[in-house]
Student: 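Got a structure for you, written out below as structure tokens; questions coming shortly.
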Amino acid sequence: QVQLVESGGGLVQAGGSLRLSCKVSGRTGSSYIMGWFRQAPGKEREFVARITYSGSSAYYADSVKGRFTISRDNAKNTVYLQMNSLKPEDTAVYLCAAGGVGVRGIEYEYWGQGTQVTVSS
């Protein structure tokens, strides 16, 4: 079993920045690809970014490319999502996920509870 706990969400003005963290515990010895997804009210869950276990490869949704950066510190069992130039349309609950390989939420086995990000205009 793997447990994921997100933190770092909050309220920020458009153009601002936030850094989300996802603390991983449990079977941390496994080589999990880690992903970030988001879900806005009334919308489907949306892929944001994912990163390989080594951190050498990352992939982003077009909507966040160039503004968001995913990274990980395996010594701290933590994955990060640095979000810059935030827009009101980035407002959503952001969820950390593990155990998948692609961009579909259904592929991921483990999920955190989410952290709310609200961007005001």
Student: Spell out, as yes or no, whether a donor-acceptor pair under 3.5 Å connects the side chain of Thr91 to the backbone of Val119.
Tutor: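 Yes; judged by distance alone, with no hydrogens or angles, the pair exists.
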Student: Could Asp90 and Lys87 be called an ion pair, given the rule that one side-chain N must be under 4.0 Å from one carboxylate O?
Tutor: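 Not counted as a salt bridge, because no side-chain N and carboxylate O are separated by less than 4.0 Å.
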Student: Run Val12 and Met83 through side chain to side chain contact (heavy atoms under 4.5 Å, CB included) and show every step you take.
Tutor: CA-CA 11 Å; Val12 64; Met83 305 186 296; over 6 Å; no
Student: Give me the ring orientation class for Phe68 and Tyr94: parallel if the planes are under 30° apart, tilted from 30 to 60°, perpendicular past 60°.
Tutor: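 Plane angle between 30° and 60°, so tilted.
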Student: Could you walk me through whether Phe47 and Glu107 pass side chain to side chain contact (heavy atoms under 4.5 Å, CB included), step by step?
Tutor: CA-CA 11 Å; Phe47 168 79; Glu107 299 179 40; over 6 Å; no
Student: Are Arg19 and Tyr80 in a cation-pi contact, defined as NZ or CZ under 6.0 Å from the six-membered ring centre and within 45° of the axis?
Tutor: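 The answer is yes, since Arg19 meets both limits relative to Tyr80.
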Student: If we ignore hydrogens and angles and just use 3.5 Å, is the side chain of Ser56 paired with the main-chain N or O of Ser54 as donor and acceptor?
Tutor: no
Student: Identify whether Phe37 and Tyr110 are in the same connected component of the hydrophobic contact network (ILVMFWY, side-chain heavy atoms under 4.5 Å).
Tutor: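 No.
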Student: Could you tell me whether a side-chain N or O of Tyr108 sits under 3.5 Å from a main-chain N or O of Gly102, the two making a donor and an acceptor?
Tutor: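 It does hold such a pair.
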Student: Say whether, by atom type as modelled, one donor and one acceptor occur between the side chain of Glu6 and the main chain of Cys96 under 3.5 angstrom.
Tutor: yes
Student: For the backbone of Lys76 and the side chain of Lys23, can you confirm whether one donor and one acceptor N or O come within less than 3.5 Å of each other?
Tutor: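 Present.
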Student: What pair of heavy atoms forms the shortest contact from Ile33 to Arg50, and how long is it?
Tutor: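 Minimum heavy-atom contact is CG2-CD, 4.1 Å.
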Student: Taking all heavy atoms of Arg72 and all of Tyr53, pick out the closest pair and write down the distance.
Tutor: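 So the two residues come closest at NH1-CA, 3.2 Å.
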Student: Out of the candidates Leu86, Val48, Ile70, only one should pair with Val64 under the side-chain contact (heavy atoms from CB on, under 4.5 Å) rule; please name it.
Tutor: Val48
Student: I need the minimum non-hydrogen distance between Ala49 and Leu81, along with the two atoms involved.
Tutor: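 Heavy-atom minimum between the residues: CB-CD1, 4.4 Å.
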Student: Before giving the answer on side chain to side chain contact (heavy atoms under 4.5 Å, CB included), spell out for Val79 and Trp36 the whole-Å C-alpha distance, their side-chain angles and the decisive distance to 0.1 Å.
Tutor: CA-CA 9 Å; Val79 179; Trp36 283 99; 3.7 Å; yes
Student: Kindly work out whether a path of hydrophobic side-chain contacts (I/L/V/M/F/W/Y, heavy atoms less than 4.5 Å apart) joins Leu20 to Trp111.
Tutor: no
Student: Can you confirm whether Ser63 sits close enough to Arg38 that some side-chain heavy atom of one is under 4.5 Å from a side-chain heavy atom of the other?
Tutor: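 Yes; the side chains approach each other to less than 4.5 Å.
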Student: Ignoring hydrogens, what is the shortest heavy-atom contact between Thr115 and Gly9? Give both atom names and the distance.
Tutor: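 That would be OG1-N, 3.1 Å.
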Student: Does OH in Tyr59 sit with more than 12 non-hydrogen atoms of other residues, nucleotides or ligands closer than 6.0 Å?
Tutor: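 Not buried by this count: 12 neighbours or fewer within 6.0 Å.
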Student: Measure the CZ-OH distance between Arg67 and Tyr60 for me, rounded to the nearest 0.5 Å.
Tutor: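 Reported value, rounded in 0.5 Å steps: 12.5 Å.
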Student: Could you check whether atom NZ of Lys65 has more than 12 heavy atoms from other residues, nucleotides or ligands sitting under 6.0 Å from it?
Tutor: yes
Student: Is any side-chain heavy atom of Met34 closer than 4.5 Å to one of Leu4?
Tutor: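 They are in side-chain contact.
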Student: Looking at Ser17 and Gln82, what are the two nearest heavy atoms and their distance?
Tutor: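 Heavy atoms of Ser17 and Gln82 come nearest at CB-NE2, 4.0 Å.
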Student: List the atom of Ser121, the atom of Ala14, and the distance in Å for their closest heavy-atom pair.
Tutor: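 Nearest pair, atom of Ser121 first, then Ala14: CA-CB, 4.4 Å.
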Student: Does Thr52 offer a backbone N or O that forms a donor-acceptor pair with the side chain of Ser57 under 3.5 Å?
Tutor: no
Student: Check whether any side-chain N or O of Arg45 sits under 3.5 Å from a backbone N or O of Ile106 as a donor-acceptor pair, and report yes or no.
Tutor: no
Student: How about CD on Gln113, more than 12 heavy atoms from neighbouring residues, nucleotides or ligands closer than 6.0 Å, or not?
Tutor: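 It does: Gln113 CD has more than 12 such atoms within range.
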